Amino acid sequence: MFELKTIALFFVTAVAEIVGCYLPYLWLKEGKSAWLLVPASLSLALFAWLLSLHPAAAGRVYAAYGGVYVFVAIMWLWLVDGIKPTAWDIAGSLVAVVGMAIIMFAPRHG
């Protein structure tokens with residue numbers, strides 16, 4: 001159960017980070033309202049808070065989180081940007097998730 005909670009928390013964290021970065025992108029690149037910076041700031045604050053909820057050492061959490069972030073970013077590419085991921089995109093993101101699992105769930109001694 002610990003593993004499922006950890007992965008779910010990483011997924012929610014990744015969405016918060018991507019939203020927090022995507023909204024300024026819309027303002028800067030797509031000419032959308034600067035008011036998007038308000039929810040972007042809140043989303044990035046949520047992202048930082050969510051990362052702090054993990055019981056593991058911060059460096060380990062950040063490293064492992066990166067693997068889930070890659071996977072969620074590829075899903076964002078597909079679901080939000082409307083660009084179908086290639087087989088290489090999917091393979092690379094799955095490798096990243098496996099890396100996350102190794103980092104987070106390997107046996108620890110000491």
Side-chain angles (χ1 to χ4, degrees):
M1 197 59 151
F2 166 75
E3 290 84 0
L4 291 178
K5 286 181 182 180
T6 298
I7 292 169
L9 183 55
F10 275 144
F11 272 86
V12 173
T13 304
V15 170
E17 182 180 11
I18 291 171
V19 167
C21 295
Y22 186 71
L23 295 177
Y25 167 85
L26 291 177
W27 168 59
L28 292 167
K29 295 288 195 172
E30 304 291 329
K32 304 293 182 184
S33 171
W35 284 104
L36 289 174
L37 298 177
V38 174
S41 298
L42 295 172
S43 189
L44 288 173
L46 176 65
F47 154 72
W49 177 72
L50 289 168
L51 274 180
S52 75
L53 297 179
H54 289 275
R60 183 171 290 128
V61 169
Y62 301 154
Y65 163 73
V68 174
Y69 178 86
V70 169
F71 180 82
V72 173
I74 293 298
M75 293 301 100
W76 186 276
L77 174 74
W78 188 10
L79 300 172
V80 176
D81 292 332
I83 300 170
K84 186 178 178 186
T86 67
W88 294 108
D89 293 330
I90 293 169
S93 64
L94 291 175
V95 167
V97 169
V98 168
M100 175 280 302
I102 292 168
I103 292 168
M104 285 305 293
F105 307 129
R108 305 269 182 248
H109 302 289

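The structure presented is a predicted model; accordingly, all values stated were derived computationally and were not measured.
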_Under 4.5 Å between side-chain heavy atoms, counting indirect links through other Ile/Leu/Val/Met/Phe/Trp/Tyr residues: same cluster for Val70 and Phe105 or not?_
no
*Rounded to the nearest 0.5 Å, what's the gap from CD1 on Ile83 to CG on Leu77? Could you check?*
5.0 Å
*Can Val12 be reached from Leu51 by stepping across I, L, V, M, F, W or Y side chains whose heavy atoms are under 4.5 Å apart?*
no
*Summary of side-chain hydrogen bond (donor to acceptor under 3.5 Å, both in side chains) pairs that have at least one residue in residues 38-48, sequence neighbours excluded*: none
*asked:* Side-chain heavy atoms nearer than 4.5 Å, only ILVMFWY residues, links allowed to pass through others: does that put Trp76 and Ile7 together?
replied: yes
*Heavy atoms only: give me the nearest Glu17-Leu44 pair and the separation to one decimal.*
O-CD2, 3.9 Å
*Partners meeting side-chain contact (heavy atoms from CB on, under 4.5 Å) with Leu26 (sequence neighbours left out)*: Tyr22, Leu23, Glu30, Lys32, Leu36
*Minimum heavy-atom distance Met104-Val61, with the two atoms named*: SD-CA, 4.4 Å
Side-chain donor/acceptor pairs under 3.5 Å, residues 93-101, sequence neighbours excluded:
| unit_1 | atom_1 | unit_2 | atom_2 | d |
| --- | --- | --- | --- | --- |
| Ser93 | OG | Asp89 | O | 3.2 |
| Ser93 | OG | Ile90 | O | 2.9 |

*According to the ring-ring contact (aromatic ring centres under 6.0 Å, His included) rule, which pairs have a member within residues 38-64, sequence neighbours left out?*
Phe10-His54, Phe47-Tyr65
*Under the side-chain contact (heavy atoms from CB on, under 4.5 Å) test, residues paired with Trp88 that sit two or more places apart*: Thr86
_Hydrophobic cluster identity match, Leu53 and Leu46, side-chain contacts under 4.5 Å_ = yes
*With sequence neighbours left out, what residues match Trp78 under ring pair (Phe, Tyr, Trp, His ring centres under 6.0 Å)?*
none
*asked:* Test of understanding: clusters of I, L, V, M, F, W, Y form through side-chain heavy atoms closer than 4.5 Å, transitively. Do Tyr25 and Leu37 belong to the same one?
replied: no
_Flag side-chain contact, heavy atom, 4.5 Å: Thr6 against Leu9_ = no
